[in-house]
Amino acid sequence: MKKNKEVKVVFILLALLFVIFLAVPVVQLLLKSILGGSGISLEYYKAVFTGRGFGKAVGNSFLIAGVSASVTTLLAFFMAYTIHYTNIASFYKKIIRGVAVLPMLLPTITYGFAIIYSFGKQGLLTKLFGTQLFEIYGFNGLLLGYVIYTLPISFMLIDNTMRFIDKKYMIVSRIMGDNGLSTFWITVVRPLLGTLAASFIQSFFLCFTDFGIPASVGGEFDVIASVLYNQMLGSIPDFNKGAVVAVVMLVPSIVSILVLHYLEKYNVRYNKISAIEIKRNIKRDAACGIISGIFMLCIVSIFLVIFIVPFVEEWPYNIQFTLKNIQNVLSDPNLSNVYTNSLFVAVITAVCGTLTAYGAALVTARSTINNKLKSVIESIALITNTIPGMVLGLAFLFAFSGSSLQNTFFIIIICNIVHFFSTPYLMMKNSLTKMNASWETTAKLMGDNWIKTVIRIVTPNAVSTILEVFSYYFINAMVTISAVIFIAGARTMVITTKIKELQHYAKFNEIFVLSLLILFTNIVGKILFKWLASATSSQKS
């Protein structure tokens, strides 16, 4: 028993964390949906399923999520293809990468307001074109918002896989006499089929469960996330029906994860990646470069309004330059405090979340603990990747209402750690698995225990990944709304929940200033963490 004493302590702490702050809240949520006045009953499910508009909202969610995921995957594939299979300038490829992931630095609720101020009747792009290009409320606005929202994750998935496709098979295909279309299918698309399917499913899942975009441009096109919000925070809250809607939201999430797990076997792995020079083709390069440029222009132009509206007197009637709006926000204690709250929550979430993910990855990747215990952590990662933020936030509301944890920063931080656990854990695990497996054995022979080995040897070699994980937690804690909308109180309000409140008073200048604060904070954070990671890597080499 003494053999894995330190590892078992880490495992027990992790198990307690997820039992108290994942298992208990989710069980409470499920019980809330089935416990009626006379015990176990399906009366709330019947009331919700037969309720006016619920079926239509579910159908709308499937429709808009499916269309958005398809468009996003095609767009992300094209941009990644431009980077990996054309000879356009390397600096232009870096710009494509930067613009593709830009939206993840802003909260989704801001996308909707940016769309309103860009494409609305008095919007910036409407003024430039002289006419409103399309109706922004409902399907069109949601489609545009969801595509922007899911593009970063879809692009990163496809871009990362394209890095590891062996391009020498393009030469083999041409030697075999295949035409251009066949070569494209065999050497580019077929190895990506698993990733393209994963991109679609991940994008679908994110669209289906997002609340921020429907909150601003959903209009009368009801989706399931807005139904849940209205059930819980509407004029007459109904916790039991809200729990039912939350359980319904879990179903496609669980199916998504199961399908993703199944698709793993379709991933193509090459024994060796051959570097080849891409065949020169001026027409292809020009077409890909121009079309990718148009995509980037569309993305940037939507967010451009965020940099303009806060700096004019009154959009669109008085466009004289002013710093008044910025000064008003910075001098208003209520607004400046929510920025301080967000920064505090993001930093503590990043510190504690990184420790949690690192500890979990050490148990599964750098210990000889029982495989059954390792599978428990793997299952936790799978479950946290399955649960939508709104559902987890609602589960926390049910579990901790009336307790000393209600309306505290602690509960918001814990919710963020649990919500975003899966990806940081997998990042850390993949990094630790690649390290020399004999370090612990060698250190043990020299008299060091497991903890000392981790501190002295493993951690210094994992610093760059640790910083990436810290960055991931920090940025997501800054932009999340769905995970905290139900558990942030008046004293613990963060920027994203404050933006939702300001929407009711149509204070869009304040909304955009707060959005800029989030964007600049995340950009500075990302640059800083990237610099630290590269500095660490260069020191090791």
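Computed from a predicted structure; not experimentally measured.
Proximity of V245 to F54: side-chain heavy atoms (C-beta onward) are separated by under 4.5 Å at one or more points. At a threshold of 4.5 Å between non-hydrogen side-chain atoms, the residues C207 and I64 do not count as touching. Using a 4.5 Å cut-off on side-chain heavy atoms (C-beta onward), F21 and I417 make no contact. Using a 4.5 Å cut-off on side-chain heavy atoms (C-beta onward), F474 and L343 make contact. L330 has its side chain within reach of I326: a pair of non-hydrogen atoms, C-beta onward, lies under 4.5 Å apart. Two residues are said to be in side-chain contact when any heavy atoms from C-beta on lie closer than 4.5 Å; F155 and M79 meet this criterion. Residues C415 and I487 have side chains in contact (heavy-atom distance under 4.5 Å, counting atoms from C-beta outward).
What you find for N407 and A488 is that their closest heavy atoms are OD1-C, 4.3 Å. Of all heavy-atom pairs spanning P103 and F303, the tightest one is CG-CE1, 4.1 Å.
The closest donor-acceptor contact from the side chain of T384 to the backbone of A381 lies under 3.5 Å. S301 contributes a side-chain N or O that, together with a main-chain N or O of L297, makes up a donor-acceptor pair within less than 3.5 Å. Under the 3.5 Å distance criterion, the side-chain polar atoms of N60 are left unmatched by any main-chain donor or acceptor of V223. A donor-acceptor pair is defined here as one N or O able to donate and one able to accept, closer than 3.5 Å; such a pair exists between the side chain of N230 and the backbone of S226. Panel note: side chain T492, backbone G489; a donor-acceptor pair is recorded below 3.5 Å.
Checked against the 6.0 Å centroid criterion, the rings of F486 and F396 do not qualify as a close aromatic pair. Between F307 and F512, the distance separating the two ring centers is not shorter than 6.0 angstrom.
T150 and T72 form a side-chain donor-acceptor contact under 3.5 Å, judged by distance and modelled atom types alone. A donor-acceptor pair shorter than 3.5 Å cannot be found between the side chains of K324 and Q327.
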Task: Worked check of side chain to side chain donor-acceptor pair (under 3.5 Å) between T108 and D210 - done: CA-CA 8 Å; T108 56; D210 176 65; 3.1 Å; yes
Open item on the list: Y473 vs E468, test: side chain to side chain donor-acceptor pair (under 3.5 Å). Steps then yes/no.
Closed with: CA-CA 9 Å; Y473 261 120; E468 285 178 33; over 6 Å; no
Open item on the list: The test is side chain to side chain contact (heavy atoms under 4.5 Å, CB included); show your working for I306 and L519 and say whether it passes.
Closed with: CA-CA 10 Å; I306 299 173; L519 178 62; 5.8 Å; no
Open item on the list: Determine whether T364 and Y425 satisfy the following criterion, side chain to side chain donor-acceptor pair (under 3.5 Å), listing intermediate values before the conclusion.
Closed with: CA-CA 10 Å; T364 55; Y425 162 71; 3.0 Å; yes
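A tilted orientation is assigned to the rings of F398 and F239, their planes being inclined by 30° to 60°.
Distance check, rounded to the nearest 0.5 Å: CD of E220 to OH of Y137 gives 12.0 Å. Atom CD1 of I387 and atom OG1 of T209 lie 12.0 Å apart (nearest 0.5 Å). Rounding to the nearest 0.5 Å places CG of L502 at 10.0 Å from CG of N334. The OG1 atom of T110 sits 11.5 Å away from the CD1 atom of I148 when rounded to the nearest 0.5 Å. Between the CZ atom in F113 and the CZ atom in F508 there is a gap of 5.5 Å [rounded to 0.5 Å].
The cationic group of K32 does not satisfy the cation-pi geometry with Y44, failing either the under 6.0 Å distance to the six-membered ring centre or the 45° limit from the ring axis.
Using a cut-off of 4.0 Å between Lys/Arg side-chain N and Asp/Glu carboxylate O, R97 and D159 are scored as salt-bridged. Remark: K46 does not engage E43 in a salt bridge, criterion side-chain N to carboxylate O under 4.0 Å.
No option in I377, I380, V24, I383 other than I380 meets the side-chain contact (heavy atoms from CB on, under 4.5 Å) test with F18.
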